[in-house]
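Here's the structure, in structure tokens; my notes come after.
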Amino acid sequence: MIGTSLGRIGAVALFLLRVLGQCLPALAKPRAVIHQIYNAGARSLIIIMLCGLFVGMVLGLQGFDLLQRFGSEDALGVAAALGLLKELGPVVTALLFAGRAGTALTSEIGLMRATDQLTAMEMMAVDPLRHVIAPRFLGGVIAMPLLVAIFDIVGLFGAQLIGVQLMAVDPGAFWSQMQAAVELDDVNEGIVKSICFGFACSLIAVYEGYHAPPTAQGVGLATTRTVVVSSVLVLLIDYMLTAAFLGR
Amino acid sequence: MSAPPVRIRDLHYAVGARPIFAGVDIDVPQGQITAVMGPSGTGKTTLLRLLTGQVAADRGRIELFGQSVGDTDKAGLYALRRRTGMLFQNGALLTDLTVFENVAFPVRAHARLPESVLRRLVLTKLEAVGLRGAADLMPSQLSGGMARRVALARAIVMDPELLIYDEPFVGLDPISMGVIVRLIRELNETLGVTSIVVSHDVEELATIAHRSYLLSEGRVVASGTPDELARSQEPVVRQFMSGAADGPVPFHFPAGDLAADILGKSAQVGGRS
């Protein structure tokens, strides 16, 4: 069991090295990377914005309920902003990304393997790692921080909608306290997390797709593994990064 | 005298404990169409995978253009593959690209041609397979026969010296099959390419192949011109050429005792007592 897991981690690490080796040549043809940013990013926009709105609204409700017990409902803006920037934005976006873009990547690459498209490329002396895998990997890594930023903005709008419009928190206090309390380090924490999550989710998605057995069941299982492994990995990395940022 | 484009000597290959090839020798002469035939499951497609370096042989030597495939690194293998075109059984077209872009794909990957030159080249190849008018279609809009013709245009767009066809007639209607047969013959004659056709369509192969190899039980059991194979009195050749259900190649996959399987072991024991 432990041996298998270690072997798998080693295989993923070797695969990562091979993909990284093809990233620069892939960037030399930016059209393919831009197309993948569109696939992984723009096509995930609706679900990211919808979920961002609802998460922000829930944050507004729960935050208001909690803070008014201490008479501090004016701090709702700070609570929502820090919660979204540092934690909920990167984590929820990454989980949604794994479920939407990650599964799409895995099943697409797995089906390309199953229908001999990758083999056909190899037979044309075209390296699939450069032309298929690297652009998709880069597309995911670049799209994730952008999606997190959009999630955060829409989430803040949702929190403001509930806190200010519905619960009558003073709008001046909501925004000014947020502006005063949120520091650049908080924003940086979210950015670092989103990049790490994008890296992990994209790597798992392309790895599982590339190594999926060329059968319907094989592609299905690989797609499931993408969601499960990515989700666990995101939460694990989140804990490690949070501990590192807090210096614990 | 230059080496033949393909030379296979004493090829051994097994999947797990099951031997697929046990001492196969094949020569593919320059400029000829060589057919590799055999019953389903005899390893014809595996032979192509070995030949193109997709899998490694357990023993023996496979030479492509005089170079040993097994001793060649990835860059060398890619260099060999650039001299080779392959038509896959299912076409293997890239499903997110149009017909035009599918044919242009290897050219874009390997050469920097002006768009006007590339367009002329791709349309010429599509014209050769009769599908210039389908250049803007997506692979999902093509029939099986059309998809295979597009794949053929893609296989020849880099002007390969060797063309490999993996089961090119499977699942085609008689008209599409006739078109593919004609294209294989014309490409061989007009471009002078060497061709290997892996198939079990005896009648179609007889009309185009200069030489045929018949594989069975991991070995070459017969080779010669289509006429020579048709006249052969070897039982396995006779069975394959006539399409007999049973013979040296058995109808039944090896299995245990029928009564024991159907009635169960306890019933058999009861019957004996």
Side-chain angles (χ1 to χ4, degrees), chain A residues 14-15 17-19 21-22 25-40 42-43 101 104-136 139 206 209-216 219, chain B residues 45-46 48-49 51-55 64 69 72-97 101-112 139-140 147-148 150-160 162-167:
Chain A
L14 285 176
F15 181 76
L17 289 179
R18 290 171 64 199
V19 173
Q22 298 298 338
L27 280 171
K29 290 187 174 178
R31 263 177 65 178
V33 178
I34 291 168
H35 183 65
Q36 293 308 325
I37 294 173
Y38 171 79
N39 270 346
R43 289 190 167 170
L105 278 178
T106 301
S107 54
E108 183 192 12
I109 297 168
L111 278 172
M112 287 179 84
R113 168 73 69 199
T115 53
D116 283 335
Q117 292 180 52
L118 298 184
T119 311
M121 282 189 186
E122 285 167 356
M123 283 309 304
M124 289 184 267
V126 174
D127 192 346
L129 282 178
R130 178 181 301 185
H131 288 84
V132 175
I133 304 301
R136 282 162 176 76
V206 294
Y210 195 72
H211 294 90
T215 60
V219 175
Chain B
T45 299
T46 306
L48 297 187
R49 289 165 58 81
L51 177 61
T52 52
Q54 295 174 55
V55 287
L64 204 53
V69 172
T72 309
D73 61 6
K74 187 178 173 184
L77 208 54
Y78 272 19
L80 289 175
R81 287 176 182 173
R82 287 177 70 164
R83 300 168 67 183
T84 308
M86 184 163 178
L87 178 68
F88 284 80
Q89 203 175 120
N90 56 8
L93 295 178
L94 305 174
T95 46
D96 57 341
L97 300 181
E101 286 301 328
N102 259 286
V103 180
F105 184 82
V107 187
R108 287 195 197 282
H110 293 302
R112 286 186 176 275
S140 58
R148 224 161 293 177
V150 173
L152 188 51
R154 185 178 66 181
I156 62 173
V157 75
M158 297 292 285
D159 291 331
L162 172 69
L163 268 174
I164 300 171
Y165 302 85
D166 185 11
E167 300 280 10

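No experiment lies behind these values; they were computed from the predicted model shown. Within every chain, numbering begins at 1; the chains are lettered A, B, ... in the order of the sequence lines, protein sequences first and strands thereafter.
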Step by step, would you call Val126(A) with Tyr78(B) a side-chain contact (heavy atoms from CB on, under 4.5 Å)?
CA-CA 8 Å; Val126(A) 174; Tyr78(B) 272 19; over 6 Å; no
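- Asp166(B) CG to Asp116(A) CG: the interatomic distance, rounded to the nearest 0.5 Å, is 8.5 Å.
- Side-chain atoms of Met86(B) and Thr119(A), non-hydrogen and from C-beta on, never get closer than 4.5 Å to each other.
- Neither the backbone nor the side chain of Leu80(B) comes within less than 4.5 Å of any heavy atom in chain A.
- Here Phe105(B) contributes atom CZ and His131(A) contributes atom NE2; the two are 5.5 Å apart, rounded to the nearest 0.5 Å.
- When all heavy atoms of Lys29(A) and Ala109(B) are compared, the pair lying nearest together is NZ-CA, 4.3 Å.
- Atom CZ of Arg82(B) is separated from atom CE of Met123(A) by 13.5 Å, given to the nearest 0.5 angstrom.
- Heavy atoms of Arg83(B) lying under 4.5 Å from chain A are absent altogether.
- For the atom pair Glu122(A) CD and Thr52(B) OG1, the distance stands at 9.5 Å (nearest 0.5 Å).
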Please lay out, stage by stage, how Leu93(B) and Gln117(A) fare under the test side-chain contact (heavy atoms from CB on, under 4.5 Å).
CA-CA 6 Å; Leu93(B) 295 178; Gln117(A) 292 180 52; over 6 Å; no
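- The residue among Arg49(B), Gln89(B), Gln54(B) with the most heavy atom pairs within less than 4.5 Å of chain A is Gln54(B).
- A donor-acceptor pair under 3.5 Å is formed between the side chain of His110(B) and the backbone N or O of Met124(A).
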